[in-house]
Amino acid sequence: LSGGTLYGFYTNFPLMDILRQIQLLRTKINRHNIRYYVHDDPIISDAEYDELMRELTALEKNHPDLITHDSPTQRVGANPLMKFQSIAHQIPMLSLANAMNIDELREFDTQVKKGLGTDKDVEYIAEPKLDGLAVELVYKNGEFSYGSTRGDGTTGEDISQNLRTIRSIPLILNGNVPVLLEVRGEVYLPVSAFDRINQERTAAGESPFANPRNATAGALRQLDSRKTASRPLSFFGYSVGYLEGMKLDTQLQVLKRLKDWGIPVNSHYCHQQSIDGVIDFCLHWQGERESLDYQIDGLV
């Protein structure tokens with residue numbers, strides 16, 4: 001049935017039935033988002049997904065009192081902001097130290113072992129480091145509350161309205177969730193989307209963007225979230241900051257738990273038993289980095 005047909009049909013339902021239908025549609029859409037962005041395993045076509053969104057939009061339009069802030073239809077804010085507010089991170093978002101060659105990687109491993117007081121091999125998690133924009137997402141009882149830029153590491157800008165437009169960022173988390181969760185991650189613009197946008201800008205007589213990172217930063221700093229929504233930004237989570245109501249002991253647990261909650265993580269991360277495995281992983285991606293649909297500036 002078309003969205004219009006369903007819309008006309010639902011208006012004759014009792015209010016409680018309409019509410020249940022709205023909740024069902026929201027649940028379906030959220031699950032399909034997770035299958036698409038987290039598991040890369042969609043089970044419906046884009047047209048079928050769009051039909052679900054049209055049905056939900058039609059129902060909410062006829063019953064605006066049933067619209068909630070976490071509905072998939074509410075990702076784009078109606079009114080532009082006057083300016084961004086500042087938000088302090090509960091735990092600082094620190095910068096990374098660099099190892100530029102194999103000798104420096106082995107020296108890092110030596111220092112880790114010295115700090116741990118062991119001469120045994122240390123296990124590592126390694127993954128591509130996206131060249132995007134670092135952000136923090138804050139969830140309270142599994143609902144997206146607000147989000148911010150890294151800023152100076154201690155204080156960032158509140159870009160919640162813009163982050164909500166990114167479909168790969170879930171508004172509601174799955175399963176058993178902590179009371180308070182800070183997710184650290186990277187917003188990026190896929191290379192394929194960047195190339196397409198620059199072709200369109202050139203054809204329209206506009207200056208092309210210099211690189212995907214600049215295009216991403218510019219989109220996230222728009223005061224009008226409708227402009228942000230016009231760029232197909234995406235997101236990968238890679239760590240947690242403050243966590244209340246749950247304990248995670250290792251980075252491997254963090255990545256697996258993020259995925260369980262419905263937050264996309266980079267599928268190319270690896271678990272290595274020693275620094276030798278990390279070095280092999282680095283050498284592999286030196287030759288394969290151009291095969292990715294996003295830019296990276298190293299490995300973490």
When you look at K247 and D249, which way does the salt bridge (charged side-chain N to carboxylate O under 4.0 Å, His left out) test go after all the steps? CA-CA 6 Å; K247 183 181 180 182; D249 296 317; 3.7 Å; yes
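- Within the 4.5 Å cutoff, no side-chain heavy atoms of Y188 are placed close to those of D293.
- Side-chain contact check for N162 and T228: at least one donor-acceptor pair (N or O, by modelled atom type) lies under 3.5 Å.
- In this structure, the separation between OH on Y139 and CD1 on I169 is 6.5 Å, given to the nearest 0.5 Å.
- If you take NZ on K129 and CD on Q295, they are separated by 11.5 Å, rounding to the nearest 0.5 Å.
- Following chains of ILVMFWY side-chain contacts shorter than 4.5 Å, one cannot reach V138 starting from F235, and the two form parts of different hydrophobic clusters.
- Heavy-atom neighbours of D41 CG from other residues, nucleotides or ligands within 6.0 Å: above the threshold of 12.
- Every residue two or more places apart in sequence or in another chain was checked for a ring pair (Phe, Tyr, Trp, His ring centres under 6.0 Å) with H284, and none qualifies.
- Here the closest heavy-atom approach between residue L52 and residue H32 is recorded as CD1-CD2, 3.7 Å.
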Salt bridge (charged side-chain N to carboxylate O under 4.0 Å, His left out) for E51 and R54? Distances and angles first, verdict last. CA-CA 5 Å; E51 182 64 23; R54 280 193 293 270; 2.8 Å; yes
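- A heavy-atom distance below 4.5 Å is not found between the side chains of E186 and D131.
- Here K114 does not pair with D109 in a salt bridge; the nearest charged N to carboxylate O distance is not below 4.0 Å.
- Between F209 and F194, the ring center distance fails the sub-6.0 Å criterion.
- For the salt bridge (Lys or Arg N to Asp or Glu O under 4.0 Å) condition, the pairs that include at least one residue of residues 19-28, sequence neighbours left out, are D17-R20, R26-E60.
- Residue K227 qualifies as open at atom NZ: its count of foreign heavy atoms under 6.0 Å is 12 or below.
- Judged purely by atom type and a 3.5 angstrom limit, H63 has no side-chain atom pairing as donor or acceptor with the backbone of I18.
- Of the N and O atoms on the side chains of Y49 and N33, at least one donor lies less than 3.5 Å from an acceptor on the other residue.
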